[in-house]
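Below is one structure, written out as structure tokens, with a few remarks after it.
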Amino acid sequence: MSKGFGKMKNLGKLTILLPVVLAGALTACSQNQAEEKKEEIYAIPVETALVSTGNVGSFYSTTATLEAPEEAEVVTRVAGLIEKLHIEEGDKVKKGQLLATIDARRQLYQYQQSQANVKVIEQELNRLNKMTNKQFVSADAISKLEFNLQAAKAQRDLAKLQLTESEVRSPIDGVVAKRHVKAGNMVKEFEPLFYVVRQNELHGIVHLPEQQLASLKLDQNATITSNLNSQYASIAKVIRISPVVDAESGTFKVTLLLPNSEDKFKAGMFTRAELQYDTHTDVTVVPYSALINQDNSYAIYTVNEGKAQLNDVKVGYQQNGLVEITNGVNQGDEIVIRGQHNLKDQSDVEVINPTETKIAAK
């Protein structure tokens, strides 16, 4: 009886332990599955690119004010009524082109009168010189007539000049930036009528710190970019470097020559100027977005067999979104260019590049 009871007791224990063991096994399986799911969930998506070679330069960036190399405030040299305007604001003009005509009847009459005076004196002088009996002609009279003839000719030439100046002409090639008068206006002598500028070439004026003086040279390239539209950009050259440094600001003046045949830039515009000091060719370059700044040093994540590896790098020149890498990665390495700020060294990563995303979406 005691033996049978003992067997039943042991059987009861087994019956109790079996569900516990099964529950433990199920729990272990579910934990393993959860860990596998965790690993899949925590594979961090990143975008990558391959390390390549390229050319990058060293630049100094500053502001530049554009000026017209030639500009003229066109004034009238004679007073009178504006009879006709031959151009308008925005019109391109050539040197010597007629801009406006001033009523010149008064100047015409003065010229005709002075021309007649010259003829009268010339005739009298010729008559005296042809006389055979010179004793009836005093040398003083002839000298006086010769002096009067010179004065009359000067008066005639002045009247002719005033007649010519009634036609207002452009002193330079350029474009009419401003018109100060209208047809029918009465103008005074030396009153401004037009403002003409030449803008097919412009000067970019920059002021650089004294320490940049040693890095500059004539014909050095610079890129000029509009502050309002970054698509407006053009290459300029250094044409003048001031030999003196301003004692108050500690800067020196540099003049850039900017071609402007397409008329993208205007005199008076404020622009950005990047002066190119040097260029490194065929060097290892990566997108600037790949860099991670760590306490004044830089690092880049590379991808190898699904793992992210942190690499300390040394950088060189930067240009147009690219940065030169002098040490730390090699050409052809796969580097993380987006999503790297969520990574740690040896993190699991899933490479999802834009091209792959587009294909998957289709």
Side-chain angles (χ1 to χ4, degrees), residues 38-64 206 212 215 220-236 270-362:
K38 272 186 179 181
E39 289 178 0
E40 292 178 1
I41 293 171
Y42 285 101
I44 300 172
V46 295
E47 185 180 333
T48 63
L50 297 180
V51 177
S52 60
T53 60
N55 303 335
V56 288
S58 173
F59 292 86
Y60 183 85
S61 182
T62 184
T63 58
V206 298
Q212 302 296 329
S215 304
Q220 194 166 318
N221 285 340
T223 302
I224 301 291
T225 307
S226 169
N227 282 344
L228 299 179
N229 190 343
S230 59
Q231 293 182 350
Y232 284 4
S234 186
I235 302 298
F270 292 96
T271 60
R272 296 294 304 173
E274 287 188 337
L275 287 95
Q276 185 173 351
Y277 293 150
D278 189 19
T279 300
H280 288 172
T281 58
D282 294 328
V283 294
T284 302
V285 294
V286 301
Y288 186 80
S289 59
L291 290 180
I292 299 174
N293 194 338
Q294 296 181 330
D295 298 327
N296 297 324
S297 62
Y298 293 96
I300 291 178
Y301 279 105
T302 57
V303 175
N304 188 13
E305 297 182 354
K307 297 282 187 181
Q309 182 178 346
L310 187 64
N311 301 268
D312 293 328
V313 295
K314 293 182 179 179
V315 301
Y317 293 166
Q318 299 177 24
Q319 181 184 0
N320 298 331
L322 296 178
V323 58
E324 175 190 8
I325 302 298
T326 59
N327 188 26
V329 293
N330 300 313
Q331 184 181 355
D333 287 350
E334 186 177 13
I335 61 171
V336 179
I337 61 172
R338 187 172 297 175
Q340 68 270 34
H341 297 289
N342 299 322
L343 298 178
K344 294 181 179 179
D345 193 26
Q346 299 303 314
S347 293
D348 292 324
V349 295
E350 181 182 359
V351 176
I352 304 178
N353 285 345
T355 53
E356 297 175 2
T357 305
K358 290 178 182 177
I359 292 171
K362 291 181 180 179

I'd like to know if the side chain of [X] and the backbone of [Y] have a donor-acceptor N/O pair within less than 3.5 Å.
X	Y	answer
Asp345	Leu310	yes
Asn229	Ser226	no
Thr271	Ala64	yes
Thr53	Thr284	no

Minimum side-chain heavy-atom gap [X]-[Y] below 4.5 Å:
X	Y	value
Asn353	Val46	no
Val286	Val323	yes
Val56	Val285	yes

Rounded to the nearest 0.5 Å, how far does [atom2] of [Y] lie from [atom1] of [X]?
X	Y	atom1	atom2	result
Ile335	Asn330	CD1	CG	11.5 Å
Leu322	Asn320	CG	CG	7.0 Å
Ser52	Asp333	OG	CG	11.5 Å
Ser297	Lys314	OG	NZ	11.0 Å
Gln318	Glu324	CD	CD	10.0 Å
Gln212	Tyr277	CD	OH	3.5 Å

- [ ] Apply side chain to side chain contact (heavy atoms under 4.5 Å, CB included) to the pair Ile325 and Val51, showing each step before the final yes or no.
- [x] CA-CA 10 Å; Ile325 302 298; Val51 177; over 6 Å; no
Flag yes if more than 12 heavy atoms outside [X] fall under 6.0 Å of its [atom1] atom; otherwise flag no.
X	atom1	value
Lys307	NZ	yes
Gln231	CD	no
Tyr232	OH	no
Leu228	CG	no

Do you know which two heavy atoms are closest between [X] and [Y], and how far apart they sit?
X	Y	value
Arg272	Asn227	CG-OD1, 3.1 Å
Ala290	Ile300	O-CG1, 3.9 Å
Tyr301	Gln340	CE1-O, 3.5 Å
Val206	Ala273	CG1-CB, 4.0 Å
Asp312	Ala299	OD1-CB, 4.0 Å
Thr302	Val329	CG2-CG1, 4.0 Å

Open item on the list: As a quick check of understanding, evaluate side chain to side chain contact (heavy atoms under 4.5 Å, CB included) for Tyr298 and Asn293, giving each step before the final call.
Closed with: CA-CA 5 Å; Tyr298 293 96; Asn293 194 338; 4.2 Å; yes
- [ ] Determine, stepwise, if the pair Val336 / Val349 fulfils side chain to side chain contact (heavy atoms under 4.5 Å, CB included).
- [x] CA-CA 10 Å; Val336 179; Val349 295; 5.7 Å; no
We want to know whether [X] and [Y] form a side-chain donor-acceptor pair, criterion being a heavy-atom distance below 3.5 angstrom.
X	Y	answer
Thr48	Glu334	yes
Thr281	Asn55	no
Asp278	Tyr317	yes

- [ ] Please report the C-alpha distance between Gln276 and Tyr60 in whole Å, then the side-chain angles of each, then the deciding distance to 0.1 Å, and finally whether the side-chain hydrogen bond (donor to acceptor under 3.5 Å, both in side chains) criterion is met.
- [x] CA-CA 7 Å; Gln276 185 173 351; Tyr60 183 85; over 6 Å; no
